[in-house]
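Residue numbers run from 1 in the order of the sequence given.
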Amino acid sequence: LFGQFAVGGEKQHRGRHGHRLFRAHMGQFHAAPEMARGHADKGHAVAVLGVHVGLHLEDEAGDVLFLGRDLARFCRLRLRFGAIGADPVHQLAHAEGIDRGAEPDGRHRPFEEAVAGTRERLIRSVELRLRSDVPVAFNLSGGVDSNALSAIAKRELGHDVHGYTIMNSDVRYEEADMIRLAVRELGIDHRGVVLSTDDFFTMLREQTRYHFAPVLTMSSYAGWRLNETIARDGCRVTINGVGADELFSGYYDHHNAYLADMRLLDPMRHAEALLEWRDGAGRFVRNPFLQDPAYFIARPMSRDHIYLDAAGFSEMLCFPFEESFTEFLASESLLRNRMANELRDEAVPVLLHEEDLNSMYHSLENRAPFLDRQLFEWSTRIPVRHLVRGGLAKAVLREAVRGTAPDDIIRNPRKVGFNASIEMFVDRGSPGTRSLLFEDSPIFSVVDRERLLNLVDEEFLPNSRSKFLFNFLSAKMFLEECQP
């Protein structure tokens, strides 16, 4: 199961958007968004267990298992016809195989075996996710994740691939050359979606109302608009690359964590990897903390790169605010530990939450082939030393689709992902925009209006400040639309 799963209710009841609280489709259960806000249907739910499902597990007896988060802990749910129960199991830190790839005892799976096992399981996962009697769309970027899925579907499984992309004009995130290359080499149908600043405020307000919460990222808004086009074209299933970074490595800080691991496990490999990083991914890193390859070596517990400019943003508020960073211990390997925290708490649940809501609004089903039980279990058994090679993260995944996905994309060390800039959506110089930004609003009991004005007037907004402005707008609309 993918998406959100909930149990509750004395009887079937329609929420205010007309959705049934429980639906069965193609053997999968989906919870309507009303389940996330029980007050909307108060009095009808006798018990609600909200679990964000990221992994679909199945045991030897054929019972379906979920690895989800039940408030404060992970639990395993056993689903049978007519009954559901939850029993606590080990934290993900102690889940089967989570740290096997990090054992420093020399008994490691060969790289070639890791590649072959990944390829076999990924092809099978894509094959399963393509089962549909309605048109399927692929979210396509210039990166290896989406191209691996599209290439497998096209070249290995003979599927007629329809790719969709938000076309980005910001040079920091623009991937037009790689996308054109993929479309040409794979011979797939493709549609690039160009967003306008004209309807941004109207559409973000609508998305906020439906989410009944602030929209969490600019990528979520871009995905909302992409799904709008996909649905209009008649597709009803979308394939995305969520989970690849968390299973196989991929973020820029993963390189720093890898260097720290190798410094302890294999100093010779560390020296080699350092040179590869400088010639590879290191050339594209903008985060000032991550530009130092020894960042985690000198400060293994530092997470300042995640809360970049947090102190400056705190000063923009009407009251002091500071949030400490916490993570659970999953592995002695710093890289494996970061990947596990991103999988369980920091990245994948957020992405799935936003994508589920965006898809449901447009009557789409989203599927994530990388979040497959067999692929996940296999990925946890890949030795850490294999995860990065030649200055490239996702080394095992890249090699697994070599000869299937375009070579230029496999060799590309630049990490972009599904990102966007506020400049794509907001014309900061427009009088109409400034009027909407600074009109009276409950948000100004939280954010200092004058300090926000100074930010908006800056000539260039780096990534962190661009995200802050989007988060301000999202929170502003939530307070205006969804307060009692």
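Under the 30°/60° scheme for interplanar angles, the aromatic rings of Tyr221 and Phe200 are found to stand perpendicular.
Side-chain N or O atoms of Arg109 include none that pairs as donor or acceptor with a backbone N or O of Ile382 at under 3.5 Å. In this structure, the side chain of Asn412 does not engage the main chain of Gly143 through any donor-acceptor pair within 3.5 Å. With hydrogens and angles disregarded, no donor-acceptor distance shorter than 3.5 Å links the side chain of Asn366 to the backbone of Thr238. Between the side chain of Ser125 and the backbone N or O of Arg121, no donor-acceptor pair lies under 3.5 Å.
Between Lys394 and Asp145 there is a salt bridge, with a side-chain nitrogen of the basic residue lying less than 4.0 Å from a carboxylate oxygen of the acidic one. A salt bridge is absent between Arg119 and Glu399; no separation between the charged side-chain nitrogens and carboxylate oxygens falls under 4.0 Å. Electrostatic pairing of Asp457 and Arg428 does not count as a salt bridge here, judged by no charged N lying under 4.0 Å from a carboxylate O.
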Take Arg124 and Asp372 through the test salt bridge (Lys or Arg N to Asp or Glu O under 4.0 Å) and record every step on the way to the result. CA-CA 10 Å; Arg124 176 58 176 163; Asp372 172 83; over 6 Å; no

Decide yes or no on side-chain hydrogen bond (donor to acceptor under 3.5 Å, both in side chains) for His305 and Asp253, but give the supporting numbers first. CA-CA 8 Å; His305 67 288; Asp253 65 338; 3.0 Å; yes

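Under 3.5 Å, the side chains of Glu354 and Thr217 contain no donor-acceptor pair of N or O atoms. Inspection of the His211 and Asn358 side chains reveals an N or O donor paired with an N or O acceptor under 3.5 Å. When only modelled atom types and interatomic distance are considered, Arg389 and Tyr258 share no side-chain donor-acceptor pair under 3.5 Å. Using modelled atom types and a 3.5 Å distance limit, the side chains of Thr433 and Asp427 yield no donor-acceptor pair.
Aromatic rings from Phe289 and Phe296 are positioned such that their centres are separated by 6.0 Å or more.
Pairs engaging residues 305-325 under the salt bridge (Lys or Arg N to Asp or Glu O under 4.0 Å) rule: none recorded [sequence neighbours left out].
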